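Keep in mind that this is a model prediction, so the values were computed, not measured. Side chains are part of it too, since the values below use all heavy atoms of this structure and drop only hydrogens, waters and symmetry mates. Counting from 1, the numbers follow the sequence of the chain as shown. Remember, it's 1-based here, ligands and their atoms both numbered in the order they're listed.
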Amino acid sequence: MIDYKKVDFAKILKRYDVESQNETTPEAVAKKMLPSDPVLKEVAECVLYMKFKEVGPVTTKALSSKQPLDIINNGLVVGMECVAKLYAEHIYYLPEIMMAAKTMEIGIAIAEKQIPGGRETKATIVMHAAEGDPHDIGKNIAAVMLRSSGYTVIDMGKDVAVVDVVAKVEEVKPLMVTGTALMTTTMTAFPRAAEKLVADGVNIPFMAAGGAVNRDFAESFPLGIYSEKAPQTPPIADKVLAGYDWKRVRDEWDQIVGGEE
Ligand code: B12
């Protein structure tokens with residue numbers, strides 16, 4: 001039997017990974033990555049420091065001088081990018097990630113309501129995160145971008161089974177379908193879904209996105225097209241709406257995302 005009274009827990013409960021060997025701090029990352037504009041910086045800091053009670057009032061205040069999409073892309077999302085960097089550096093851990101993501105979502109929900117947009121929808125787009133993949137923050141941002149550009153988004157959520165994606169696409173017949181994968185173990189869901197769609201006679205673009213995939217992978221299976229960053233999605237969708245098929249999107253991808261005609 002261990003006599004717990006004689007044990008010096010200070011020696012045992014010392015986790016060397018918590019007593020960080022990394023010199024980086026959230027402040028140092030903030031200095032490098034946060035925007036210099038004071039309004040956007042304050043918004044981004046809410047996410048970075050997980051100020052979920054303050055993000056609402058700060059976002060509302062920012063809306064008096066900034067466009068909603070500016071606040072989302074250059075404030076809230078930048079804050080989340082800092083958080084991802086801190087996670088990669090083992091300074092932030094999962095609880096911080098979850099709280100920061102929630103904080104960002106509160107801000108996005110407020111800013112999103114102020115995005116001007118007509119009532120008419122350009123077309124419907126089906127979005128999902130790959131089967132087995134719980135990462136949906138990037139997808140949610142891309143969904144905001146598409147909605148704000150006039151598209152109707154059917155967001156199937158995260159960890160969506162291939163069979164459900166195929167069934168939804170065949171039911172709704174959208175302009176295109178997007179899939180997000182942040183894990184190398186889940187990205188193979190996209191070719192499986194695309195191949196089933198092709199076998200069923202569906203010929204719409206299947207946009208593969210998220211940190212696990214790159215352009216080579218996205219263009220390695222039928223229907224597949226790539227989007228690296230959420231803001232690239234509306235210009236690509238506009239070209240599909242204008243009649244580009246998935247092969248032409250691939251051919252002209254650089255010009256499309258670069259914004260050239
Ligand atoms: C947040 C996060 C989580 C959260 C997800 C919360 C959520 N609701 O999304 C939680 C805590 C749930 C999580 C869990 C796990 N995670 Co995680 N997670 C992350 C983290 C830190 C940040 C991702 C993020 O949201 N970034 C912010 C957003 C804005 O960036 P983004 O997603 O990259 O999106 C940008 C682009 O990719 C693109 N984009 C993304 N999606 C889309 C969609 C469309 C349509 C378009 C156009 C663009 C687009 O646009 C965005 C920018 O504009 C990453 C590390 C990293 N650096 O990426 C790891 C990371 C993705 N996770 C990882 C892992 C391994 C896991 C776990 C398996 C860990 C574990 N051992 O338990 C589990 C999953 C378990 C399971 N199967 O359920 C690995 C994946 C490794 C790999 N290559 O396979 C990473 C890379 C961490 C690492 N370095 O190891 N995670």
Between [X] and ligand 1, which residue portion shows a heavy-atom distance shorter than 4.0 Å: side chain, backbone, both, or neither?
X      : value
Ile137 : both
Ile97  : side chain
Pro134 : both
Ile141 : side chain

With a 4.0 Å cut-off, would you call [X] and [Y] a salt bridge?
X      : Y      : result
Arg248 : Glu252 : yes
Lys196 : Asp200 : yes
Lys31  : Glu27  : no

Examine distances only and state if a side-chain atom of [X] and a backbone atom of [Y] form a donor-acceptor pair shorter than 3.5 Å.
X      : Y      : value
Thr121 : Thr152 : yes
His128 : Asp155 : no
Glu131 : Val162 : yes

Would [X] count as a contact residue for ligand 1, given that I'm defining contact as a non-hydrogen atom of the residue lying under 4.0 Å from a ligand atom?
X      : result
Ala212 : no
Gln232 : no
Gly210 : yes
Val77  : no

Show which atoms of ligand 1 fall inside a sub-4.0 Å distance from at least one heavy-atom site of [X].
X      : answer
Met127 : 45 (C)
Ser227 : 47 (C)
Gly211 : 37 (O)
Thr184 : 82 (C), 83 (N), 84 (O)
Thr178 : 45 (C)

Report task. Please determine, by modelled atom types, if Tyr244 and Asp238 share a side-chain donor-acceptor pair under 3.5 angstrom. Result ->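 Looking only at side-chain atoms, Asp238 and Tyr244 do not form any donor-acceptor pair under 3.5 Å.
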Under 4.0 Å from [atom], do we find at least one protein heavy atom?
atom                    : result
atom 60 (C) of ligand 1 : yes
atom 36 (C) of ligand 1 : yes
atom 90 (O) of ligand 1 : no
atom 16 (N) of ligand 1 : yes
atom 67 (C) of ligand 1 : no
atom 79 (C) of ligand 1 : no
atom 29 (C) of ligand 1 : yes
atom 71 (N) of ligand 1 : no

Looking only at protein heavy atoms, identify the closest one to [atom] and say how far it is in Å.
atom                    : answer
atom 77 (N) of ligand 1 : Gly132 O, 3.6 Å
atom 12 (C) of ligand 1 : Met98 SD, 4.1 Å
atom 38 (C) of ligand 1 : Glu228 O, 3.3 Å
atom 8 (N) of ligand 1  : Asp136 OD1, 2.7 Å
atom 49 (C) of ligand 1 : Ala209 CB, 3.7 Å
atom 53 (O) of ligand 1 : Ala230 N, 3.0 Å
atom 32 (O) of ligand 1 : Leu182 CD2, 3.4 Å
atom 88 (C) of ligand 1 : Tyr87 CE2, 4.7 Å

Taking all non-hydrogen atoms of both residues, which atom of [X] and which atom of [Y] are closest, and how far apart?
X      : Y      : answer
Gly132 : Asp159 : N-OD1, 2.6 Å
Lys173 : Glu170 : NZ-O, 3.0 Å
Thr185 : Thr188 : O-OG1, 4.1 Å
Pro234 : Ala230 : CD-O, 3.7 Å

Report task. Have a look at Ile108 and tell me which of Asn140, Thr59, Ile141 forms a side chain to side chain contact (heavy atoms under 4.5 Å, CB included) with it. Result ->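 Single pass found, and it is Ile141.
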Query - Interatomic spacing from NZ in Lys239 to CG in Leu241 - rounded to 0.5 Å - result: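 The distance works out to 11.0 Å.
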Query raised in the report: Who gets closest to atom 40 (C) of ligand 1 by heavy atom: Gly138, Pro234, Gly79?
Result: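 The option holding the nearest heavy atom is Gly138.
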Requested in this report: Using the rule that two of Ile, Leu, Val, Met, Phe, Trp, Tyr join whenever any of their side-chain heavy atoms come within less than 4.5 Å, decide whether Met183 and Val213 are in one cluster.
Outcome: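 No, no single cluster joins them.
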Query - Heteroatom distance test (His135, ligand 1): nitrogen or oxygen, under 3.5 angstrom - result: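 For ligand 1, there is an N or O atom that lies under 3.5 Å from one belonging to His135.
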Query - Trace of the salt bridge (Lys or Arg N to Asp or Glu O under 4.0 Å) decision for Asp133 with Lys139 - result: CA-CA 12 Å; Asp133 205 314; Lys139 167 184 69 62; over 6 Å; no
Query raised in the report: Below 6.0 angstrom between ring centroids: does that apply to Trp253 and Tyr226?
Result: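 Centroid distance Trp253-Tyr226: below 6.0 Å, so yes.
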Query raised in the report: Parallel, tilted or perpendicular: which describes the rings of Phe217 and Phe190, with under 30° parallel and over 60° perpendicular?
Result: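 Aromatic pair Phe217/Phe190 classed tilted.
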